[in-house]
**Student:** 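Below is one structure. I have some questions about it.
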Amino acid sequence: METAIIPATPITPTDNNDLVSSEVQPNKRRRKKSIVWDHFTVETVGDGCIRACCNQCKKSFAYITGSKLAGTSHLKRHIALGICPVSRQRNQQASDTKTANATYEPRKRRATPGFANIPFNQERCNHEIAKMIIMHEYPLHIVEHPGFIDFARTLQPQFNMVSFNTIQGDCVAMYLNEKQRLLNFINEIPGRISLTLDLRISNQTVGYVFITGQFIDMEWNLHRCLLNVVMVPSPDSDCALQQAVVSCLSDWHLENRLFTLGLDQSFSNVNINQNLRALFSVRNPYMLHGQFLIGNCFARVISLLAQEALWSVGETVKKIRDSVKFVKTSDAHEETFFGLKEQLKVPSMKDIFIDDQTKWNTTYDMLAAACELKQVFLCLETSIPDYNIAPSMDDWKQIEILCTYLKLFFDAVSILTGPTYPNASAFYHEVSKVQLELTHAAMSNDPFISNLTKPLKEKFDRYWSDCFLVLAIAVVMDPRFKMKLVEFSFSRIYGDDAGMWIKIVDDGIHELYLEYIAQALPPPETFVEQRNGSIIPEQNGGVILKTEPPEDGYLHEEGYLQEEQTHEAAPQEVSHHEVAHQEDSHHDVAHREVSDQEVDSQEITHQTEASQEVPSQDPLISIGDGLSDFEVYISEISGSHQMKSELDQYLEESLLPRVQDFDILGWWKLNKTKYPTLSRMASDILSMPFSTVGPDSVFDTERKKMDNYHSSLRPVTLEALICAKDWLQYGGLSQSCDGNVKMEF
């Protein structure tokens with residue numbers, strides 16, 4: 001081994017771009033030294049090793065090792081960026097002295113690019129750390145971790161790390177600030193709000209109720225956001241969920257604005273449902289007598305169906321899973337497997353993988369990929385003698401049938417995994433399709449299909465019977481379908497009995513519409529002052545009923561007494577037919593009630609008793625310009641024919657073309673002037689939620705539990721961290737007061 005020779009000529013420190021040479025050329029001018037050498041001294045520490053030592057803090061840095069030159073950039077950073085503690089302290093003292101003694105305004109210098117001129121802000125740093133902890137679910141104790149402290153100080157030496165209590169207070173303060181913004185935003189929405197309940201239990205058997213709100217704002221945007229995380233010491237108590245709902249309604253000022261309430265049937269029982277239904281009927285007595293208590297979560301129901309289908313052929317599924325494990329856990333087996341795939345020219349582009357049994361969709365994907373590669377599995381036994389668990393052809397046939405129904409379930413709940421949460425009308429298509437397919441499959445002549453699907457149909461029938469009315473009312477609010485889709489799908493599901501079920505939907509939506517009409521009318525027994533100073537009662541939702549004949553004039557179309565000419569009206573000839581018509585109209589006005597099918601709150605019937613008219617000495621039968629009698633005649637004709645309600649007018653209009661990206665909320669926004677009452681009803685209906693879980697939990701086979709870290713926090717801190725994350729994750733609430741916040745699944 002050769003030994004490095006130290007050059008006899010002294011080495012001159014150079015800049016980064018200067019080359020180190022062992023010879024000095026006498027005819028060349030010597031290069032100018034770098035400014036860093038005013039602060040560093042070169043020291044030789046060994047053969048071929050030269051280091052630069054800081055004159056202030058005495059820390060040494062690599063400079064030359066053998067033939068390698070480290071350069072001076074790192075030395076410049078040590079001095080210029082204030083990394084040297086001694087230099088930083090001296091510069092700070094000099095700056096303070098200069099500021100204290102300054103008597104003149106310093107000369108403005110040209111700003112340098114970059115971040116060197118941005119002032120340090122400790123408060124903003126604390127805010128960003130709190131936001132980071134909330135959004136990424138880092139533990140609050142991260143501010144006490146030595147590694148994180150060193151990392152933060154390396155980025156900014158002036159930063160003082162906050163304590164656990166301080167960062168906890170910052171997180172709660174951020175939560176309260178965002179909560180106030182959201183509260184102001186919710187208070188401005190014109191319609192009602194729907195709630196869903198989900199329950200998580202800790203290892204200490206303490207329950208945590210997650211309450212999510214869903215609503216449509218003034219601009220017809222659909223919002224979904226977490227409102228509360230309520231701790232319940234006894235989650236099995238019949239009153240636990242009721243107390244949580246009452247707390248949420250009070251917290252967000254929603255006592256009279258609740259529309260629907262959804263929960264998961266798996267953690268409820270008969271007593272819990274009765275308590276919630278009683279609460280719901282009291283808090284919201286108008287909405288179909290509390291029938292809008294949605295008793296189950298669509299995602300949970302489909303998940304249970306998928307799990308039961310997988311369990312029914314569990315042995316066959318295990319064979320496929322073991323075969324996939326055999327290939328994926330060995331590089332040699334996997335290489336052989338893909339070699340066979342190329343030889344057999346299997347066109348599938350899918351790759352096999354081992355499923356996560358806590359997510360049933362991964363099991364479906366594994367089985368679907370294996371089915372496309374079944375020819376490779378069948379030939380694998382000939383290439384690998386150790387492979388003795390190959391499924392039979394009957395096994396593969398069963399798996400293919402199973403995948404058909406798993407795909408049906410997967411497609412049904414995939415609408416919950418998109419970037420935005422779907423409106424309520426979208427669920428009818430998926431739910432009715434599952435109901436129809438299971439009904440058809442249960443009657444199959446294939447014993448395997450019928451045995452597989454009959455138990456699934458029985459479970460789904462219970463969900464369908466509980467929710468079909470609400471689902472159907474929601475899809476009627478889609479101008480592309482209205483009642484026509486209900487009639488079409490019910491005829492396929494119920495056959496000859498479809499008419500009875502269609503009538504239930506038609507009666508239900510008309511009853512709901514009447515309730516919205518009743519809410520819009522003023523309270524009964526109010527009084528309206530006449531022009532002559534007398535007072536008459538205003539009854540039946542604002543329609544003034546006055547059966548006494550007027551003494552000096554006629555009733556105007558708006559129901560107010562109109563003064564006519566001072567002279568008396570002449571007696572008029574009235575036919576028998578006209579008198580009978582007037583008597584019928586008078587009878588209708590006196591006994592007018594709200595119909596179950598049609599409502600016209602603005603229509604007022606006016607009567608004129610010809611037999612009671614005061615005789616006049618004037619021989620002329622015309623009054624004034626001769627058209628006053630015509631106005632009375634027109635009011636009588638219009639009063640005898642009830643106008644169509646907004647709902648009936650909407651249902652009778654032709655359907656809109658079915659396009660792919662139809663914006664149903666945008667359509668109602670444009671037509672809210674045409675349908676003022678029906679649009680309010682549509683806003684509440686289309687915001688109804690049918691799932692209690694978020695997009696990341698749609699395919700879960702196990703209920704989520706509250707981990708030990710979160711359950712160890714105080715209830716206020718726990719709610720602050722979880723709710724604030726939900727609000728910040730989907731755009732934040734800084735713009736919520738402007739109505740631009742969108743928080744969908």
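Every value quoted in this text rests on a predicted model; they were computed, and no experiment measured them.
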**Student:** What residues, two or more places apart in sequence or in another chain, satisfy side-chain contact (heavy atoms from CB on, under 4.5 Å) together with Ala724?
**Tutor:**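 side-chain contact (heavy atoms from CB on, under 4.5 Å) check on Ala724 returns Ile134, Tyr175.
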
**Student:** What pair of heavy atoms forms the shortest contact from Pro422 to Gln214, and how long is it?
**Tutor:**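 Taking every non-hydrogen atom into account, O-NE2, 4.4 Å.
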
**Student:** Ignoring hydrogens and geometry beyond distance, is a side-chain donor-acceptor pair present between His223 and Asp217 at under 3.5 Å?
**Tutor:**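 On atom types as modelled, these side chains qualify, holding a pair under 3.5 Å.
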
**Student:** Just verifying a value: how many Å separate Ile473 CD1 and Glu511 CD, rounded to the nearest 0.5 Å?
**Tutor:**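 Result: 9.0 Å between the selected atoms.
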
**Student:** Just by modelled atom types, is the Asp356 backbone N or O under 3.5 Å from a matching donor or acceptor in the Thr362 side chain?
**Tutor:**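 Yes; judged by distance alone, with no hydrogens or angles, the pair exists.
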
**Student:** Can you classify the ring geometry of Trp668 versus Trp220 as parallel (below 30°), tilted (30 to 60°) or perpendicular (above 60°)?
**Tutor:**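 Taking Trp220 first and then Trp668, their aromatic rings lie parallel (interplane angle under 30°).
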
**Student:** Would you name the heavy atoms of Ile167 and Ala130 that are closest together and state the gap between them?
**Tutor:**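 Minimum heavy-atom separation between Ile167 and Ala130: CD1-N, 3.7 Å.
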
**Student:** Would you sort out whether Asn203 and Asn708 count as a side chain to side chain donor-acceptor pair (under 3.5 Å), showing the intermediate values?
**Tutor:** CA-CA 7 Å; Asn203 293 329; Asn708 292 331; 2.9 Å; yes

**Student:** Which residue pairs pass the salt bridge (Lys or Arg N to Asp or Glu O under 4.0 Å) test when at least one of the two sits in residues 406-434, sequence neighbours left out?
**Tutor:**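 Non-adjacent pairs meeting salt bridge (Lys or Arg N to Asp or Glu O under 4.0 Å): Lys407-Asp411, Glu430-Lys433.
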
**Student:** Using side-chain contact (heavy atoms from CB on, under 4.5 Å), reason through Asn296 and Arg462 one step at a time and then give a plain yes or no.
**Tutor:** CA-CA 10 Å; Asn296 220 329; Arg462 292 194 289 270; over 6 Å; no

**Student:** For Phe427, enumerate each residue passing the ring-ring contact (aromatic ring centres under 6.0 Å, His included) test, keeping only those at least two apart in sequence or located in another chain.
**Tutor:**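 Phe690.
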
**Student:** I'd like to check the salt bridge (charged side-chain N to carboxylate O under 4.0 Å, His left out) partners of Lys672; sequence neighbours left out, ordered by chain and number.
**Tutor:**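 For Lys672 there are no salt bridge (charged side-chain N to carboxylate O under 4.0 Å, His left out) partners, ignoring immediate neighbours.
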
**Student:** Can any side-chain N or O of Ser432 pair as donor or acceptor with the backbone N or O of Tyr428 at less than 3.5 Å?
**Tutor:**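 Yes; judged by distance alone, with no hydrogens or angles, the pair exists.
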
**Student:** List the atom of Phe215, the atom of Ile193, and the distance in Å for their closest heavy-atom pair.
**Tutor:**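 Closest approach of Phe215 to Ile193: CD2-CD1, 3.7 Å.
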
**Student:** Kindly write out the residues that satisfy side chain to side chain donor-acceptor pair (under 3.5 Å) with Ser687, not counting sequence neighbours, or none if the list is empty.
**Tutor:**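 Applying side chain to side chain donor-acceptor pair (under 3.5 Å) to Ser687 gives none.
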
**Student:** Checking Thr166 side chain against Val162 main chain: does a donor-acceptor pair fall under 3.5 Å?
**Tutor:**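 It does not hold such a pair.
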
**Student:** Indicate the atoms forming the closest heavy-atom contact of Leu647 with His510, along with that distance.
**Tutor:**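 Residues Leu647 and His510, closest heavy atoms: CD2-CD2, 3.6 Å.
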
**Student:** Please report the C-alpha distance between Asn184 and Gln180 in whole Å, then the side-chain angles of each, then the deciding distance to 0.1 Å, and finally whether the side chain to side chain donor-acceptor pair (under 3.5 Å) criterion is met.
**Tutor:** CA-CA 6 Å; Asn184 296 339; Gln180 185 61 50; 2.9 Å; yes

**Student:** Would you sort out whether Arg703 and Asp198 count as a salt bridge (Lys or Arg N to Asp or Glu O under 4.0 Å), showing the intermediate values?
**Tutor:** CA-CA 10 Å; Arg703 179 170 299 283; Asp198 194 19; 3.2 Å; yes

**Student:** Which of parallel (below 30°), tilted (30 to 60°) and perpendicular (above 60°) describes Trp360 and Phe699?
**Tutor:**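 The arrangement is perpendicular - the two ring planes meet at more than 60°.
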
**Student:** In chain order, what residues pass the salt bridge (charged side-chain N to carboxylate O under 4.0 Å, His left out) check against Asp461, with sequence neighbours excluded?
**Tutor:**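 Counting only residues at least two positions away or on another chain, Asp461 forms a salt bridge (charged side-chain N to carboxylate O under 4.0 Å, His left out) with Lys457.
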
**Student:** Less than 4.5 Å apart, side chain to side chain, heavy atoms only: is that true for Arg680 and Pro190?
**Tutor:**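 No. Closest side-chain heavy atoms not under 4.5 Å.
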
**Student:** Can you see whether Tyr421 has Arg224 sitting over its ring - NZ or CZ less than 6.0 Å from the centre and within 45° of the normal?
**Tutor:**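 Yes.
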
**Student:** Where is the tightest heavy-atom contact between Ile186 and Arg257, given as atom of each residue plus distance?
**Tutor:**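 Of all heavy-atom pairs spanning Ile186 and Arg257, the closest is O-NH1, 3.3 Å.
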
**Student:** Look up atom CD1 in Ile216 and atom CG in Asp684, then write down how far apart they are to the nearest 0.5 Å.
**Tutor:**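 Answer rounded to 0.5 Å: 8.0 Å.
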
**Student:** In Å, rounded to the nearest 0.5 Å, how long is the span from CG of Asp365 to CG of Asp355?
**Tutor:**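 It comes to 9.5 Å.
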
**Student:** Output every pair passing salt bridge (Lys or Arg N to Asp or Glu O under 4.0 Å) with a member in residues 226-237, not counting sequence neighbours, ordered by first then second residue.
**Tutor:**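 Not a single pair qualifies under salt bridge (Lys or Arg N to Asp or Glu O under 4.0 Å).
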
**Student:** Working to the nearest 0.5 Å, report the span between CD of Glu719 and NE2 of His710.
**Tutor:**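 Spacing of CD (Glu719) from NE2 (His710) equals 13.0 Å.
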
**Student:** Can you list the residues that meet the salt bridge (charged side-chain N to carboxylate O under 4.0 Å, His left out) rule with Glu137, with sequence neighbours excluded?
**Tutor:**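 Partners of Glu137 under the salt bridge (charged side-chain N to carboxylate O under 4.0 Å, His left out) test: Lys725.
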
**Student:** Write down the atom of Leu469, the atom of Ile504, and the distance for their closest heavy-atom approach.
**Tutor:**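 Closest pair (atom of Leu469, atom of Ile504, distance): CD1-O, 4.0 Å.
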
**Student:** Quick one: does Glu702's side chain have a donor or acceptor within less than 3.5 Å of a partner on Thr358's backbone?
**Tutor:**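 A pair under 3.5 Å: no.
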
**Student:** Under a plain distance cut-off of 3.5 Å, with no hydrogens placed, do Ser711 and Tyr208 share a side-chain donor-acceptor pair?
**Tutor:**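 On atom types as modelled, these side chains do not qualify, holding no pair under 3.5 Å.
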
**Student:** Could you check Leu226, Val693, Asn228 and say which one makes a side-chain contact (heavy atoms from CB on, under 4.5 Å) with Thr212?
**Tutor:**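 It is Leu226, the one option of Leu226, Val693, Asn228 that forms the side-chain contact (heavy atoms from CB on, under 4.5 Å) with Thr212.
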
**Student:** Does any N or O in the side chain of Arg200 come within less than 3.5 Å of the main-chain N or O of Gly207, such that one atom is a donor and the other an acceptor?
**Tutor:**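 Not a single qualifying donor-acceptor pair exists.
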
**Student:** Has the side chain of Asn671 got a donor or acceptor atom that lies under 3.5 Å from a matching backbone atom of Trp667?
**Tutor:**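 Indeed, once roles are kept as given, a pair shorter than 3.5 Å links the two residues.
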
**Student:** From Ser425 OG over to Leu485 CG, what is the distance, rounded to the nearest 0.5 angstrom?
**Tutor:**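 Going from OG on Ser425 over to CG on Leu485, the span is 10.0 Å.
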
**Student:** Just checking, any donor-acceptor pair under 3.5 angstrom between side chains of Ser312 and Glu308?
**Tutor:**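 On atom types as modelled, these side chains do not qualify, holding no pair under 3.5 Å.
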
**Student:** Evaluate the ring planes of Phe490 and Trp464, with Trp represented by its six-membered ring, and classify them as parallel (under 30°), tilted (30 to 60°) or perpendicular (over 60°).
**Tutor:**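 Ring orientation, 0 to 90° scale: perpendicular.
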
**Student:** Looking at Ser303 and Ala299, would you say the former's side chain and the latter's main chain have a donor-acceptor pair under 3.5 Å?
**Tutor:**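 Here the side-chain-to-backbone pair does not exist.
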
**Student:** Using the side chain to side chain donor-acceptor pair (under 3.5 Å) criterion, which residues pair with Gln168? Sequence neighbours excluded.
**Tutor:**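 Testing Gln168 for side chain to side chain donor-acceptor pair (under 3.5 Å), a comparison that skips the adjacent residues, returns Thr717.
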
**Student:** Using the test side chain to side chain donor-acceptor pair (under 3.5 Å), find all partners of Asn361 that sit at least two apart in sequence or belong to another chain.
**Tutor:**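 Here no residue qualifies.
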
**Student:** Check salt bridge (charged side-chain N to carboxylate O under 4.0 Å, His left out) between Lys704 and all other residues, then give those that pass, not counting sequence neighbours.
**Tutor:**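 Once residues adjacent in sequence are excluded, the partners of Lys704 under the salt bridge (charged side-chain N to carboxylate O under 4.0 Å, His left out) criterion are Asp696.
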
**Student:** I'd like to check the side chain to side chain donor-acceptor pair (under 3.5 Å) partners of Ser202; sequence neighbours left out, ordered by chain and number.
**Tutor:**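 Ser202 satisfies side chain to side chain donor-acceptor pair (under 3.5 Å) with Gln204 once adjacent residues are dropped.
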
**Student:** Tell me, yes or no, whether the heavy-atom count around Met132 atom CE, taken from other residues, nucleotides or ligands under 6.0 Å, exceeds 12.
**Tutor:**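 Count over threshold, so yes.
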
**Student:** Run the salt bridge (Lys or Arg N to Asp or Glu O under 4.0 Å) check on Asp251 and Lys179 step by step: do they pass?
**Tutor:** CA-CA 11 Å; Asp251 194 18; Lys179 181 178 181 180; 2.7 Å; yes

**Student:** Any chance you could measure Thr420, atom OG1, to Leu222, atom CG, to the nearest 0.5 Å?
**Tutor:**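 Going from OG1 on Thr420 over to CG on Leu222, the span is 8.0 Å.
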
**Student:** Do Cys171 and Leu721 come within less than 4.5 Å of each other through their side chains, counting heavy atoms only?
**Tutor:**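 A side-chain contact under 4.5 Å exists here.
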
**Student:** Please evaluate residues Arg321 and Val317 with respect to the criterion side-chain contact (heavy atoms from CB on, under 4.5 Å), reporting the C-alpha separation (whole Å), side-chain torsions for both, the decisive distance (0.1 Å), and the verdict.
**Tutor:** CA-CA 6 Å; Arg321 182 180 292 116; Val317 172; 3.9 Å; yes

**Student:** Can you check side-chain contact (heavy atoms from CB on, under 4.5 Å) on Leu183 and His253, steps first, answer last?
**Tutor:** CA-CA 9 Å; Leu183 179 61; His253 307 163; 4.3 Å; yes

**Student:** Indicate, with yes or no, if the rings of Phe460 and Tyr463 have centres closer together than 6.0 Å.
**Tutor:**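 Yes - the distance between ring centres of Phe460 and Tyr463 falls below the 6.0 Å cut-off.
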
